[in-house]
Amino acid sequence: MILTALAIAAVAAPGGARDRSQIPEAIAAGKPENCIRTISIRETHVRSDSVIDFDMVGGKVYRNTLPQACPELGFEEKFLYKTSIGQLCSVDTITVLHDGPGGAGPTCGLGVFQPVTLVKAPKHP
């Protein structure tokens with residue numbers, strides 16, 4: 001029997017709209033991986049039309065930079081994926097979700113999953 005997992009990732013910006021042009025700086029923290037386990041994904045952060053950060057159980061963060069920009073992803077900030085193997089891989093696709101009628105937007109390919117350490121911006125007094 002093949003088990004199919006369907007996941008929807010949605011991110012709400014705290015405190016209202018955020019500056020979509022600001023992608024947090026990240027430092028590579030290991031070798032890129034082709035797949036991550038879906039059961040270990042705690043949260044996602046859509047940073048732009050081509051960058052998604054995956055926060056994992058245990059605190060690890062993987063940055064996925066799509067090979068090509070995915071129209072509307074940065075605006076809608078939510079997507080879905082389907083997998084039958086319990087892993088999300090660089091050969092898989094995501095589909096942008098719309099709030100309005102029609103629901104589904106463009107479907108786009110993923111890139112590799114780069115483990116990163118996010119650089120914390122200094123807090124202003």
List the atom pairs, with distances to 0.1 Å, where a side-chain N or O of residues 111-118 and a protein N or O form a donor-acceptor pair under 3.5 Å, not counting sequence neighbours.
residue : atom : partner : partner atom : Å
Gln114  : NE2  : Gly30   : O            : 2.7

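- Legend: residues meeting side-chain hydrogen bond (donor to acceptor under 3.5 Å, both in side chains) with Asp53, ordered by chain and number and at least two apart, are Arg47, Arg63.
- The shortest side-chain heavy-atom distance between Ile94 and Leu73 falls under the 4.5 Å cut-off.
- Ser40 pairs by the side-chain contact (heavy atoms from CB on, under 4.5 Å) definition with Arg37, Met56, not counting sequence neighbours.
- Contacts of Pro71 classified as side-chain contact (heavy atoms from CB on, under 4.5 Å), with partners at least two apart in sequence or in another chain: Pro106, Cys108.
- Between atom OH of residue Tyr81 and atom CG of residue Leu110 there is a gap of 10.0 Å, rounded to the nearest 0.5 Å.
- Closest heavy-atom contact between Val96 and Glu72: CG1-O, 4.0 Å.
- In this structure, CG on Asp49 lies 12.5 Å from CD on Gln68, to the nearest 0.5 angstrom.
- When every heavy atom of Ile41 is checked against every heavy atom of Thr44, the shortest pair comes out as CG2-CG2, 4.1 Å.
- Thr65 contributes no side-chain N or O that, together with a main-chain N or O of Val51, makes up a donor-acceptor pair within less than 3.5 Å.
- If you take CG on Asn34 and CG on Asp92, they are separated by 10.5 Å, rounding to the nearest 0.5 Å.
- For Asp55, the side-chain contact (heavy atoms from CB on, under 4.5 Å) partners two or more places apart in sequence, or in a different chain, are Arg42, Glu43, His45, Val61.
- Atom CD1 of Ile85 sits about 9.0 Å away from atom OG1 of Thr38, to the nearest 0.5 Å.
- Under the side-chain hydrogen bond (donor to acceptor under 3.5 Å, both in side chains) criterion, Gln87 pairs with no residue at all, not counting sequence neighbours.
- Listed by first then second residue, pairs satisfying disulfide bond (SG atoms under 2.5 Å apart) with a partner in residues 33-67 read Cys35-Cys89, not counting sequence neighbours.
- Scanning for side-chain hydrogen bond (donor to acceptor under 3.5 Å, both in side chains) contacts around Thr107 gives Thr95, with sequence neighbours left out.
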side-chain contact (heavy atoms from CB on, under 4.5 Å) evaluation trace for Val57 with Ile39: CA-CA 9 Å; Val57 172; Ile39 196 168; over 6 Å; no
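- Note on residues 94-110: pairs passing salt bridge (Lys or Arg N to Asp or Glu O under 4.0 Å), not counting sequence neighbours, are Lys78-Asp99.
- With sequence neighbours left out, Glu33 forms a side-chain contact (heavy atoms from CB on, under 4.5 Å) with Lys60, Tyr62.
- The shortest heavy-atom contact between Pro67 and Gly109 is CD-O, 3.5 Å.
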